[in-house]
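Shown next, in C-alpha cells, is the structure this report addresses.
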Protein chains: 2
Amino acid sequence: MSPTYEHPRPALTVDCVVFAVERERLEVLLIRRAREPFAASWALPGGFVDMEENLETAARRELEEETGLSDLFLEQLYTFGRPDRDPRGRVVSVAYYALVNLAGGQVHAASDASAAAWFPVDALPALAFDHAEILATALERLRGKVRYAPLGFELLPRRFTLTELQRLYEIILGRALDKRNFRRKIQGMGLLVDTGDAQRGKAHRAARLYRFDRRRYRQLEREGFSFWV
Amino acid sequence: MSPTYEHPRPALTVDCVVFAVERERLEVLLIRRAREPFAASWALPGGFVDMEENLETAARRELEEETGLSDLFLEQLYTFGRPDRDPRGRVVSVAYYALVNLAGGQVHAASDASAAAWFPVDALPALAFDHAEILATALERLRGKVRYAPLGFELLPRRFTLTELQRLYEIILGRALDKRNFRRKIQGMGLLVDTGDAQRGKAHRAARLYRFDRRRYRQLEREGFSFWV
DNA sequence: CCAAAAGTGTTCTCCATACACCCATGC
DNA sequence: GCATGGGTGTATGGAGAACACTTTTGG
C-alpha cells in the first residue's frame, strides 16, 4: 500500500473571512449554522475540501454555495490546526480572506440566499469553533497589508471618487487622513486614471471618477516601486 | 456517525524551509530522500502530522528527527494543496520557515545526523514534489519580512558586531548598505545593547559586541514603533 | 610598520505633515 | 442663495542618502 495510506488523516476544511465596507464601517459576512455542532451560532462561511479540489477552489465554491458571492478578491490567510478546535474530532482548516465591494448588487443575493448577514467588525456576535481567532487574524492581516498593497480598490466599485477612497482608508486604518496630503500622494503614484466622468446626483459639486490601473501597478511593481499609504 | 467522517480526507504533512547565513551566503537545509517517490532526490525536511498534534509541533518534531535542529525561530508560511502535488495521492502540506544561526554548533549535528546538507539559495539542486515552489515562497517572505520585523537577529549568534549585522542584511537583501547610515539607523532604534565586550583574535581593531534587546522590542512594538531597515 | 577592519559627522534632498480657503452643484 | 462636499498650495521639520578619513589591533 502506498505510504500515504499508512497515516491517520485529519479532516480538512476551508473558512472564509469576507470583508466589505458599508455604511462607513468595516463589516464581515457571517452565516448562521443550521447543524450541530454550534447549531444556530454565527460562523464563518466554509466547509470541507473535496478530494480532487484545489484549496482556493474549495474556498470559492463554499463561498458561492453559502453566500452567493463569486469572483471576488481571495487570498490564503493562515492554517488553523489545534487538535481540539472542532468537537467532532481533528479538523484542520485553511482560512482565506476575501474583499468585496457592495455596490455591485451581489450583496442582496448573498444576504437572501441563506441565513447570512453582515456584522461590523467591532460589534461581532459570539462565533462557532475558533472563528473569532481566525477573524482577528484576518483583520490584522487586512489592516497591515492594506498599507503596502493595493487591496483597498477591491472594496470599491470600479469607478470611485478620491473622497470615497480616502474614507475607505480612514475606516480600515481607524484614523483620519489629511485630504490634501492623501490626494497628493495617491495621485503622485500614477496608479489612478481619470475616467473623465463625474459623480452625479449629489447636492454639491460633482466629484471626478477614477479607476485603479492594475496593468500599470503590475508594471511598476516589477520595476521595484512600492505602494505605500 | 459524526459529520467529520462523512468526508474523504487528504493526507496532511508539514514541510520546513530552514535558512541560515554561512560563508557570506544565504543557505537552505535540504535532506536527501531515502524512499520513493523521489528517492535520492533532495527535498525539504518534513513529514506527516500526527492525529493529536499541533501543526507547529509537528513541524518542530520532523525538523528535529530529520536534521537534529531544535529551538529555532519557526513561523507558518503557506499551505500548499494542489491535488497533483504528490504522486501518491492527495497530500496537503502546511509549510513553515525557520531561521537558525550556525555559530551554535548545532549545524554539524544536523549535517551528520542523516543525509542533510546546506545549499546556497542561488545554487539549488532539483527538488522533490513542489518543494521548489515552497522554497521560492519562503525566500520571498524572508526577504520581505526581514525589512519590517527583527528576523535578522535569529540568524546571528546572541552576541554580534555591527559589521556582522550589516553583512547579514546585505546578504539577504542582495545589495550593499552604507556603513554610517546603517549604524546610525540601527543604533537609533535603541534595540541593541552594548555588552561591553569586544571581538577578539582578529588581525585588526576589535569590534564591540552587541545583543538584541527582545524585551525592549516587544515594549516598543506595543507603543506603535515600527522596525524598519 | 603594515594590513585590515572599526568607528565616526556633515550636507543635501526629498517626503511627510500641518494647515485654510474658494469652487461647483443641487435644491 | 445656501448648504454641501470638491478641489487646491505652501512652509517646515525630519529622515534617508551620499560621501572619506582616523583609529585600533594583530601579525
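We name chains A, B, ... by the order of the sequence lines, and we start the count at 1 in each one.
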Which residue lies more 5' along DNA chain C, comparing A:Arg175 with A:Gly201 via nearest heavy atoms: A:Arg175

State which of [options] makes the closest approach to the side chain of [X].
{"X": "A:Asn181", "options": "C:dG7, D:dA17, C:dA18", "result": "C:dA18"}
{"X": "A:Lys185", "options": "C:dA16, C:dC19, D:dC19", "result": "C:dA16"}
{"X": "A:Arg184", "options": "D:dG6, D:dT10, C:dT8", "result": "D:dT10"}
{"X": "A:Ala203", "options": "C:dA5, C:dC27, C:dT17", "result": "C:dC27"}

Gap between atoms [atom1] and [atom2], on [X] and [N] respectively (whole Å):
{"X": "B:Trp228", "N": "D:dG16", "atom1": "CH2", "atom2": "P", "answer": "10 Å"}
{"X": "B:Arg167", "N": "C:dA4", "atom1": "CZ", "atom2": "P", "answer": "17 Å"}
{"X": "B:Gln187", "N": "C:dA6", "atom1": "CD", "atom2": "P", "answer": "13 Å"}
{"X": "A:Ile186", "N": "C:dA16", "atom1": "CD1", "atom2": "C1'", "answer": "14 Å"}
{"X": "A:Leu192", "N": "D:dG7", "atom1": "CG", "atom2": "P", "answer": "12 Å"}
{"X": "B:Asp178", "N": "D:dA15", "atom1": "CG", "atom2": "P", "answer": "17 Å"}
{"X": "A:Glu164", "N": "D:dG5", "atom1": "CD", "atom2": "P", "answer": "13 Å"}
{"X": "A:Lys202", "N": "D:dC2", "atom1": "NZ", "atom2": "P", "answer": "24 Å"}

Whether A:Thr163 contacts D:dG6 is assessed here as follows: a side-chain N or O lying under 4.0 Å from the phosphate OP1 or OP2. Is that the case? yes

A:Leu162 or B:Arg205, whichever maps to the more 5' nucleotide of DNA chain D: A:Leu162

Nearest heavy atom decides the nucleotide; on that basis, is A:Tyr210 or B:Arg180 closer to the 5' end of DNA chain D? A:Tyr210

Once you apply a heavy-atom cut-off of 4.0 Å, does [X] come out as touching a base, just sugar-phosphate, or nothing?
{"X": "A:Lys179", "value": "base"}
{"X": "B:Arg183", "value": "base"}
{"X": "B:Thr161", "value": "nothing"}

Using the six-membered ring wherever Trp is involved, compare the ring planes of [X] and [Y] and label them parallel, tilted or perpendicular (cut-offs 30° and 60°).
{"X": "B:Phe160", "Y": "B:Phe153", "result": "tilted"}
{"X": "B:Trp228", "Y": "A:Trp228", "result": "tilted"}
{"X": "B:Phe212", "Y": "B:Tyr217", "result": "tilted"}

Measure from the ring center of B:Phe80 to the ring center of B:Tyr78 and say whether it is less than 6.0 Å. yes

Taking atom CD of B:Glu140 as the centre, does the number of heavy atoms from other residues, nucleotides or ligands within less than 6.0 Å exceed 12? no

